[in-house]
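It should be emphasised that the depicted structure is a prediction, and the values quoted were computed from it without experimental measurement. We use all heavy atoms of the structure for the numbers below, so side chains are in, but hydrogens, waters and symmetry mates are not.
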Amino acid sequence: MRRAGDARLFSEAVFVPVAGVTREDDGYLLTVVSDLEQDASQLLVLDASGLDRIATVHLPRRVTGGIHGSWIPGPAPPMGPLRQAYSAKPAYTLRNAS
């Protein structure tokens, strides 16, 4: 179990399998960490086999603690105006954990 720190809450982690999965822990865990003191949230991407941090996505607003989610694999949505807008200017910053 990882410690998030004072006034920081983990959400329930969601498992995302890698393509061609061969082991039970072949994939990633996604979890949101809400920081109540900073009024901010981050999405953590962890390696499911060892819980090493792969990436941190700084979200534009704090996400309420206790959020639940699901990973539903499927094809990427078609390139419509809304997806083009999100592709052109992301609202987050992806930083390597190392």
Side-chain angles (χ1 to χ4, degrees):
M1 184 70 166
R2 290 186 178 259
R3 180 162 164 70
D6 294 338
R8 293 175 56 121
L9 305 169
F10 280 107
S11 69
E12 177 182 21
V14 175
F15 178 73
V16 180
V18 297
V21 63
T22 59
R23 293 186 335 254
E24 181 179 52
D25 59 359
D26 272 351
Y28 304 97
L29 292 174
L30 306 179
T31 185
V32 174
V33 179
S34 296
D35 188 325
L36 303 178
E37 287 181 0
Q38 299 294 319
D39 197 32
S41 292
Q42 302 168 334
L43 172 69
L44 298 183
V45 180
L46 306 172
D47 181 338
S49 66
L51 298 182
D52 296 319
R53 189 180 316 194
I54 302 298
T56 300
V57 179
H58 298 272
L59 302 176
R61 291 182 176 72
R62 183 172 62 81
V63 177
T64 304
I67 189 168
H68 298 281
S70 298
W71 179 262
I72 302 171
M79 278 299 271
L82 183 60
R83 181 157 181 231
Q84 288 174 349
Y86 279 110
S87 299
K89 190 174 182 183
Y92 54 82
T93 303
L94 185 61
R95 295 185 182 146
N96 191 334
S98 49

Study note, to complete from the structure: Shortest non-hydrogen pair, Val32 vs Ser41, comes out as CG1-CB, 4.1 Å
Exercise for review: Of all the heavy-atom pairs spanning Ala48 and Phe15, show the shortest one and how long it is.
Suggested key: CB-CE1, 3.7 Å
Exercise for review: For Ser11 and Thr31, indicate whether the former's side chain and the latter's backbone hold a donor-acceptor pair under 3.5 Å.
Suggested key: no
Review point. Rounded to the nearest 0.5 Å, how far apart are OG of Ser34 and CD of Gln42?
Key: 9.5 Å
Review point. Rounded to the nearest 0.5 Å, what separation is found between the CG atom of Leu51 and the CG atom of Leu44?
Key: 11.0 Å
**Study point:** Pair listing, salt bridge (Lys or Arg N to Asp or Glu O under 4.0 Å) test, anchored in residues 37-51, at least two apart
**Key:** Asp39-Arg62
Check your understanding: In Å, rounded to the nearest 0.5 Å, how long is the span from CG of Leu36 to CZ of Arg8?
Key -> 10.0 Å
Practice item. Quick one: closest heavy-atom pair of Ile54 and Leu46, and the distance? Key: CG1-C, 4.0 Å
Practice item. Could you list the residues that satisfy side chain to side chain donor-acceptor pair (under 3.5 Å) with Asp26, not counting sequence neighbours? Key: Thr22, Arg23
Revision key, fill the gap. Salt bridge (charged side-chain N to carboxylate O under 4.0 Å, His left out) filter on Arg61, not counting sequence neighbours, yields none
**Study point:** Minimum side-chain heavy-atom gap Val14-Leu29 below 4.5 Å
**Key:** no
